[in-house]
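Okay, structure first, notes after.
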Amino acid sequence: MTPDELTPDGTTSEGTIADETVPDRLAQRPLVFAHRGSSGAFAEHTRAAYLQALADGADGVECDVHLTRDQHVVLLHDANLDRTSDGTGPVAERTLRELRQLDFSSWKGARIPETYGARSEQLLTLPELLDVLRGAGRPVKLAIELKHPSPYQLKLEDRVLEVLRSEGWDPGSSTVDNVAVTFMSFSPDSVRHLLQSVPAQYICQLVDDLTVHEIRGGLGLGLITGGAVANLMKATQLEGERILDTGLVGLAGPGIDYVRERPDTIRQWLKAGRRFRVWTVDSADDVALCRELGIQEVTTNVPARVLSQLQAAPPRGR
């Protein structure tokens with residue numbers, strides 16, 4: 001390829017970065033985060049899923065957090081219990097003791113090895129996850145997503161930070177022993193609140209590629225209510241993008257669909273120095289795309305498979 005075939009930002013006409021201008025980030029494989037643990041193998045957010053993630057060699061793990069009625073930080077994605085347990089109703093209306101009575105693993109249909117704990121031990125609090133990660137015997141990264149809307153609003157963030165401090169978290173380095181902690185949210189309010197206590201490089205603004213039409217259709221609400229909620233969600237997305245445009249935080253967390261649909265925005269943020277953590281990257285094609293773009297971190301349900309693909313492919317530009 002000759003120099004006059006390159007665009008001003010060093011890419012080819014097809015949009016890929018040319019070998020002559022490959023930055024150092026393309027010479028390294030992306031770090032691999034296990035999405036809710038190795039959730040392709042075991043039920044998401046369970047002890048088994050996280051122990052398997054460590055066994056798979058994941059560089060880090062991701063978790064979603066909610067508050068219980070008695071203010072424990074528990075690892076669950078949904079605000080309601082219905083999908084991932086034999087219970088029902090809002091997580092926020094249950095105490096930790098009540099949640100311990102529920103089954104959070106059987107729905108997956110995977111047999112849990114005895115070494116991964118009993119069925120009654122699969123629900124984890126944030127301190128319990130830290131204990132699992134401390135036992136890894138190596139440095140491990142932890143990405144905590146603050147889930148909103150929450151009935152406790154920004155008290156969720158305050159409580160998470162309180163729990164981490166009680167576990168020995170150092171805000172300057174954002175570490176707890178061998179665990180390096182980062183924070184994520186789709187909520188710009190959450191991100192701005194975290195910035196009061198956490199250095200910007202440890203905060204990730206999550207973004208998704210949403211249109212009002214798609215949101216309204218997916219919600220299954222009436223025209224007026226659905227439209228109002230959709231407009232609010234779209235406004236949240238746009239505010240999240242502004243946070244990344246202005247460099248208020250150092251980490252960008254787009255979904256893989258966003259990466260595919262908005263390559264110019266991705267290149268712009270990469271050029272501006274944003275570090276990327278893309279979710280949820282499971283297919284071989286998506287792994288290859290992230291590697292090609294120079295994405296630094298990927299989150300996946302199948303960390304062993306993604307690591308195998310990344311380790312088999314030589315670093316680009318070397």
Side-chain angles (χ1 to χ4, degrees), residues 1 3 5-33 35 59-60 62 141 143 145 174 180 182-186 188 191-192 194-195 198-210 236-300 303 306-307 309-311 313-318:
M1 176 171 292
E5 293 177 295
L6 300 179
T7 62
D9 65 351
T11 61
T12 68
S13 59
E14 290 77 26
T16 57
I17 300 174
D19 288 340
E20 292 89 336
T21 58
V22 173
D24 288 342
R25 60 185 165 78
L26 291 185
Q28 305 296 323
R29 72 160 176 83
L31 297 178
V32 175
F33 283 71
H35 184 238
D59 301 295
E62 181 265 358
K141 298 182 182 297
E145 181 179 345
S174 199
T182 52
F183 304 85
M184 311 185 296
S185 186
F186 285 98
V191 165
R192 293 181 189 278
L194 286 167
L195 282 168
V198 181
Q201 65 264 36
Y202 305 126
I203 301 176
C204 178
Q205 175 67 62
L206 296 170
V207 289
D208 202 356
D209 194 26
L210 301 171
T236 297
Q237 175 194 330
L238 294 174
E239 179 59 21
E241 290 171 339
R242 281 193 289 270
I243 285 173
L244 291 170
D245 286 338
T246 57
L248 196 60
V249 298
L251 280 162
I256 188 63
D257 291 340
Y258 191 107
V259 172
R260 291 194 211 97
E261 296 298 323
R262 300 173 181 242
D264 292 340
T265 300
I266 300 304
R267 283 193 291 269
Q268 175 185 331
W269 287 341
L270 282 168
K271 190 174 181 180
R274 310 292 172 266
R275 185 175 180 85
F276 273 72
R277 179 180 298 150
V278 177
W279 52 273
T280 303
V281 183
D282 288 349
S283 75
D285 286 346
D286 287 341
V287 172
L289 173 62
C290 288
R291 184 67 177 269
E292 178 74 11
L293 288 170
I295 297 301
Q296 298 95 338
E297 302 175 7
V298 297
T299 304
T300 178
V306 170
L307 279 166
Q309 179 179 345
L310 290 171
Q311 291 163 351
R316 187 162 177 256
R318 291 292 186 274

Say you draw a straight line from CG of L251 to CD of E297; how long is it, rounded to the nearest 0.5 Å? 6.0 Å
R274 (side chain) donor-acceptor with A272 (main chain) under 3.5 angstrom: yes
Measure the shortest side-chain to side-chain distance between L307 and R29 over non-hydrogen atoms and say whether it is less than 4.5 angstrom. yes
Any non-hydrogen side-chain atom of P188 less than 4.5 Å from a side-chain atom of T236? yes
Would you check if M184 and R277 make a side-chain contact, meaning some heavy-atom pair closer than 4.5 Å? yes
Do W279 and V298 have side chains that get closer than 4.5 Å, going by heavy atoms? no
Interatomic spacing from CD in Q201 to OG in S174 - rounded to 0.5 Å: 8.5 Å
Closer than 4.0 angstrom, basic N to acidic O: yes or no for E241 and R262? yes
Looking at SG of C290 and CD1 of I266, how far apart are the two atoms once the value is rounded to the nearest 0.5 Å? 9.0 Å
Any heavy-atom pair between the side chains of E145 and F186 that's under 4.5 Å? yes
With E239 via side-chain hydrogen bond (donor to acceptor under 3.5 Å, both in side chains) - residues at least two apart: R192, R242
4.5 Å side-chain heavy-atom contact, P254 and V278: yes
Which atom pair, heavy atoms only, marks the closest approach of R267 to D264? NH2-OD1, 2.6 Å
Can you name the nearest heavy-atom pair linking R291 to A313, along with the distance? NH2-O, 3.6 Å
Show, in sequence, the C-alpha distance, side-chain angles and deciding distance for F33 and D59, and conclude whether the side chain to side chain contact (heavy atoms under 4.5 Å, CB included) test is met. CA-CA 6 Å; F33 283 71; D59 301 295; 5.6 Å; no
Please determine whether a side-chain nitrogen of the Lys or Arg among R260 and D209 lies less than 4.0 Å from a carboxylate oxygen of the Asp or Glu. no
Would you say the side chain of Q268 lies within less than 4.5 Å of the side chain of D245, judging by non-hydrogen atoms? yes
What distance separates L238 CG from I243 CD1, expressed to the nearest 0.5 Å? 11.5 Å
Report the C-alpha distance between Q296 and L31 in whole Å, list the side-chain angles of each, state the deciding distance to 0.1 Å, and finish with yes or no for side chain to side chain contact (heavy atoms under 4.5 Å, CB included). CA-CA 6 Å; Q296 298 95 338; L31 297 178; over 6 Å; no
Quick one: do V281 and T299 satisfy side chain to side chain contact (heavy atoms under 4.5 Å, CB included)? Show the steps, please. CA-CA 6 Å; V281 183; T299 304; over 6 Å; no
What I'd like to find out is whether the side chain of V249 reaches to under 4.5 Å of the side chain of C204, using heavy atoms alone. no
Quick one, L195 with L248, criterion side chain to side chain contact (heavy atoms under 4.5 Å, CB included). Give me CA distance, side-chain angles, the key distance, then yes/no. CA-CA 9 Å; L195 282 168; L248 196 60; 3.6 Å; yes
In terms of heavy-atom contacts, V191 and Q205 come closest through CG2-OE1, 3.3 Å
Identify the heavy atoms of D286 and I256 that sit nearest to each other, and give their distance. CG-CG1, 3.6 Å
Mutual orientation of the aromatic rings belonging to W269 and Y258 [parallel < 30°, tilted 30-60°, perpendicular > 60°]: parallel
Which value, rounded to the nearest 0.5 Å, describes the distance between L206 atom CG and Q237 atom CD? 12.0 Å
